[in-house]
Amino acid sequence: MDRTSLADRALAVLDRNRRGSWTCPAERFYPHQWLWDSCFVAIGLARHDAGRAADELRAVFRGQWANGMLPHMIFTPEVSDAGSRHIWRSRSFPEAPRDVETSCITQPPVAGLAVWRVAEALVGDERRAFLADLYPRVLRYHEWLYRERDPDGRGLVTLIHPWECGLDTTPPWTRLLRRMRGPWWLDVALKLRLSRVARLLRRDTRYAPAAQRLSDDDGLRMLALVHRAQRSGFDLRRMPPERSVLVEDLAFNALLAASNDAIAAMAVELDQPVSEELQRRFDSTRGAFTELWDDETGQYYPRDRTTGALVRLPTVATFLPLLARLPTPEQTERLRALLLDERRCWPRYPVPSVPLDDRRFDEARYWRGPTWVNTNWLVIEGLRAVGDEASADELAHRTLELVDRAGCWEYFSPLDGDGYGAPDFSWTAALTLALLAPPTP
Ligand code: GLC
């Protein structure tokens, strides 16, 4: 593998997708700014061009609402696509920014982690100014998450829509989505198979085979859920549990814990400790992970907030708690054994989003089987965090090989490495750069 040429190709993808101070995920498929995509772009660029990485994150925060929320999308005014900004009408909410239109839900809280990684790559006044600007804003985001999404102080944040979890169509989410009692028009549309009409409004299926994307029915259910959440002002407390999908999501909460750790590191550097109340919340999140562990199968699952039951459907998210060193040593061993099992999670190109031996595994379809570079990067960082450098190096090597062979695709077959979804995808390119750089000490 020629590492220099791979880095050049990755940088070229990021340049193509650059839109001034920020980077869109992929030209035709995703022309707006997405929250966690930009965070991964910043992480990847940090050691190549720290100034650009800092700008990418500042652009993320232009979407922050007055209540602290970071929206999952900031829309590009020039791009017209029927399926997106019009469904949110963010400006009807007084807390939303006036100068940009955004969505009204969030996405995994990688911002804290990204701000800290970028700060580590900056020096002197630039570093001080960057942290002084963004640290308080990250704090306000986490305060919003705890205040609005964990109102009972359980330690786990609740998500109100699959788009918030980033791994949108993983089996736990589609199971609950399909069980949701929807509005009457949804039942009629599904029965009459009208959801195919929704295809006309979709961008993704114009450019990629439908078999690689989410189904029209699930797409329609997701839109119905946006409509439902809108009627409740996107306010968890006002959402009717029996007609909603409320999940204490595994990946989201694991990334929350990891970003809480990053906040703690920034607090030390700035000598600005977090409030006692927020520290209590951070501790409660760490503690709550024991409730998501299932000893029988030796892995973590998300929890349905409405029934209080774990949703025992395995996904790659089970490995993300490693990043914040949440599992006990014994749990870590069980997770490592699962990860390195060739019949389940360690085929030629690990890590599949759904294990190979699960009947829902679908090699080419979105979050239902393919390998994604962002989750791989998180697993690699998690393995390093628990001291398994050898497995981390091996996974990094295979991930780079995958991108080198196929290109910067959105996702890949875990079996033969073919690329799927959007070509020239930004976080694949950015995290390739991160994996090519030597590991942080
Ligand atoms: C898809 C992914 C989501 C990502 C977005 C933009 O919706 O599921 O995680 O942020 O695309 O790339």
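Read the numbers this way: they start at 1 and go in the same order the structure lists the ligands and their atoms. One-based numbering along the sequence shown.
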remark   = The side-chain hydrogen bond (donor to acceptor under 3.5 Å, both in side chains) partners of Ser259 (sequence neighbours excluded) come to none
key: Residue contacts for ligand 1, heavy atom to ligand atom, distance under 4.0 Å   = Pro25, Tyr30, Trp34, Trp36, Asp37, Gln107, Gly166, Asp168, Tyr366, Trp367, Phe425, Trp427
ask   = Between Arg286 and Asp261, does at least one N-O distance fall below 4.0 Å, as a salt bridge requires?
value = yes
Atom pairs and distances, donor-acceptor, side-chain atoms in residues 36-44, under 3.5 Å, two or more places apart:
from	atom 1	to	atom 2	distance (Å)
Ser38	OG	Gln33	NE2	3.0
Ser38	OG	Glu56	OE2	2.7

key: Residues Asp404, Arg3: salt bridge by 4.0 Å N-O rule   = no
request  = Could I get the full list of side-chain hydrogen bond (donor to acceptor under 3.5 Å, both in side chains) partners for Trp293, not counting sequence neighbours?
outcome  = Asp295
Side-chain heavy-atom pair His142, Leu256 within 4.5 angstrom cut-off = yes
